[in-house]
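Letters A, B, ... are given to chains in the order of the sequence lines, protein chains preceding strands, and every chain is numbered from 1.
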4 protein chains.
Amino acid sequence: MPRPRIEDAEDRLLAAGLNLFARRGTERVNTNTIAKRARLAIGTFYAHFPDKHALLREIQMRTIGALRNARVEATRGAGTNPEEQVRASAVAAVAFAESHAEAYRVTFGRERAGAAAHGPVVSESSRPTADGLRRLQAAGRLDPDLDPDLAARAYLAMEVGTILWWLDDPVRAGREGVVDTLVRLHPAQAARVG
Amino acid sequence: MPRPRIEDAEDRLLAAGLNLFARRGTERVNTNTIAKRARLAIGTFYAHFPDKHALLREIQMRTIGALRNARVEATRGAGTNPEEQVRASAVAAVAFAESHAEAYRVTFGRERAGAAAHGPVVSESSRPTADGLRRLQAAGRLDPDLDPDLAARAYLAMEVGTILWWLDDPVRAGREGVVDTLVRLHPAQAARVG
Amino acid sequence: MPRPRIEDAEDRLLAAGLNLFARRGTERVNTNTIAKRARLAIGTFYAHFPDKHALLREIQMRTIGALRNARVEATRGAGTNPEEQVRASAVAAVAFAESHAEAYRVTFGRERAGAAAHGPVVSESSRPTADGLRRLQAAGRLDPDLDPDLAARAYLAMEVGTILWWLDDPVRAGREGVVDTLVRLHPAQAARVG
Amino acid sequence: MPRPRIEDAEDRLLAAGLNLFARRGTERVNTNTIAKRARLAIGTFYAHFPDKHALLREIQMRTIGALRNARVEATRGAGTNPEEQVRASAVAAVAFAESHAEAYRVTFGRERAGAAAHGPVVSESSRPTADGLRRLQAAGRLDPDLDPDLAARAYLAMEVGTILWWLDDPVRAGREGVVDTLVRLHPAQAARVG
DNA sequence: AATGAATGAGATTTCATTCAT
DNA sequence: TATGAATGAAATCTCATTCAT
């Protein structure tokens, strides 16, 4: 009987899932609770997502995309000078994490959605950074001994770890301090030549 | 029917848990499987640990302790010069992770450890690093604008993230490359003065 | 695989629980057996009741309500004279116990009902009796030294104990004998004045 | 190795069991806890009792025997007049329950030790009362229509129920009030002739 | 006789998923 | 499309009991 054509069922499920995953952790949330929080029946959940992890993956994919867009936008607006680029990217990441704390935590937090889900996500994200480092090496502005992939991966682990720590306890450091530290320790700065 | 007076039930449970947690992830392992793998009855599990997470915590505590000892040992054997100290510590961490890959993954891996259980662990671990940075600042050998706690935390996130990535795919980089990168990006190097 | 849109799952669980509790006693019955007896999956049990004791409580509450209704009905139909009232109530209780033997046993039987769960139930039930005794005392028709609450409680313990004994072995005494004894030993008779 | 010849292992187990059964109810207590409370190993429990219910039965048997002795003693000291006998017996029961509250509760309380354990216990106890009533009928001092077995059983249910209620909340009535009520409602009084 | 680690059947409870309506 | 009662595999945890020492 009940078929009231819910307009935004999917969005409501995503929002409910995001909120619950962030609060309780991926494994502590069940689909019935997500559906209830979205004020939908459990059947509606399965009409929109094949299973619980599909919802999580969707949240993470959207978050990663949005963060990437924010970085692109920010670096486009910045100068061409490496430090400006690095800083713009860090500022964008910190600002994004601040305004989308739940999504950031669910996507990058100390938890996982089935072993492999994460690795690809992060290594994918590290490619632009690695490419940037390679360009700096080609231009003779970065220590040629540095392994760009390794360094890019190291930087992103640092960025994520630092931002998560800061989100959990924002009092310990200001936003600017976080950005400064990230920039300082970014390979493009830390291993720059000249 | 009990009978066989097991010699080292607790050790066998720890070993079985470590192996299974590393392979499948904390949430995909159950106490029955751990007990079976240890060739013990399920009741024996609960005679030794109140629940699954207690076993996990014990594994993590032992790992953190062992890693700390390895670092202390290594830095004691190294020179007093900051770079030597930093390198010795990184070498120790990488070697430890290599020889205790499962324990390293279970303890530091991107995996739920009961959410909050982890934060304290890592921030505790970052104290020696932060103290080292403070000493360098006091000696005028490190940029005084750097926040030592923030930088220490950032470095550890980087170290852990890089090592985990390397453990998952050791072909991408050699052990020396990893160590070099860690040393290069360590705050004591990256922001050194003079 | 769900499927068969059960019509009256809750009623069937109540019936199955009643039957099994009466036969084996509360602690010797488990939720799996109740669900199986009701031809339902165990999950269905927990969809309707939070746990085994909630089912038991529901059975007891319904039984107490039904018995109270039976008494009210019976005493309304009886004359206003105390003995008639007392007899009508006893007849109603005995008839109820006879036609709902399982429910009577489960509700009043010498069996754990979660220790304290029972006390209130019985003391609540004893209030009408106590009030009746007070009225008789006010009318000078009952020994004023009798403590009405104590006497009411004593009578109900007697009524329940006697009926349970009779239910277990109805041959030892006829229904009328039971009623006569109850009336005889009811405080309103035993301590009547004039 | 450990064989320190425990002097009173059995007594300690009985005391521990009594205390725990009274506090938590028969089904909520396990043998390991009883042994621990008695400061004995679990093996020692099974060296003295075949199983948990044997311990309970022993406690109940001892309690019933002690109560019977107390009644015998008390009625022997009383006059031969029926009311004195009845009162002496009630006083003895109330005093016994007061000074052995745990044992009284464990033996007569609203709980059971496996369905059948109790019935025999109580019907056994009701025989002396029934015999007394028969003697009164033979002497023409008690209504000959009263069924002595039924009345005896009814009285004992009342006595036990009233005393248990009083033990749980001794403030509601004094010891004398309880005794008076019991005597008042005892068949020998309630249905006496002449 | 006393010990207590070990046992494992069994009870409780959860929750991802289905499907008739 | 939406519903939500029903499902049942699977996980957690308990505890009476055994037996080598």
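- For A:Ala47, the side-chain contact (heavy atoms from CB on, under 4.5 Å) criterion is met by no residue, not counting sequence neighbours.
- Take B:Arg37 and apply the salt bridge (Lys or Arg N to Asp or Glu O under 4.0 Å) test, not counting sequence neighbours, and it matches no residue.
- Rounded to whole angstrom, the span from the CG atom of A:Leu13 across to the C1' atom of F:dA2 amounts to 12 Å.
- Between the CG atom of C:Leu20 and the P atom of E:dA11 there is a distance of 12 Å, rounded to whole Å.
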Parsed dot-bracket for DNA chain F after applying the Watson-Crick and G-U rules with both distances under 3.5 Å and | for other-strand partners is .||||||||||||||||||||
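- Residues passing the ring-ring contact (aromatic ring centres under 6.0 Å, His included) test with A:Tyr46, sequence neighbours excluded: none.
- To the nearest angstrom, C1' of E:dT12 lies 14 Å from CG of C:Leu55.
- Taking C:Glu102 as the reference, nothing meets the salt bridge (Lys or Arg N to Asp or Glu O under 4.0 Å) condition, with sequence neighbours excluded.
- Judged as a ring-ring contact (aromatic ring centres under 6.0 Å, His included), and not counting sequence neighbours, the contacts of A:His100 are A:Phe96.
- The backbone N or O of D:Ile59 sits less than 3.5 Å from a side-chain atom of D:Thr63, completing a donor-acceptor pair.
- A:Arg28 contributes atom CZ, which lies 14.0 Å from atom CZ of A:Phe21 (distance to the nearest 0.5 angstrom).
- A straight line from CZ of C:Phe49 to C1' of E:dT12 spans 17 Å, rounded to a whole angstrom.
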Readout for nucleotides 9-16 of chain F: B = base within 4.0 Å of protein heavy atom, S = sugar-phosphate only, - = neither; 5' to 3' it is B-SBBBSB
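- In this structure, the CZ atom of B:Arg39 is 14 Å from the P atom of E:dG8, given to the nearest Å.
- Contact between the side-chain N/O atoms of A:His53 and the OP1/OP2 oxygens of E:dA16 is not found at any separation under 4.0 Å.
- Atom NZ in A:Lys36 sits roughly 19 Å away from atom P in F:dA2 (whole-Å rounding).
- Across the protein-nucleic acid pair, C:Arg24 atom CZ and E:dA11 atom C1' stand 14 Å apart, rounded to whole Å.
- Applying the salt bridge (Lys or Arg N to Asp or Glu O under 4.0 Å) criterion to C:Arg62, with sequence neighbours excluded, gives C:Glu58.
- Residues satisfying the salt bridge (Lys or Arg N to Asp or Glu O under 4.0 Å) test with D:Asp51, not counting sequence neighbours, are none.
- For A:His48 and F:dA2, the shortest distance from a side-chain N or O to OP1 or OP2 is below 4.0 Å.
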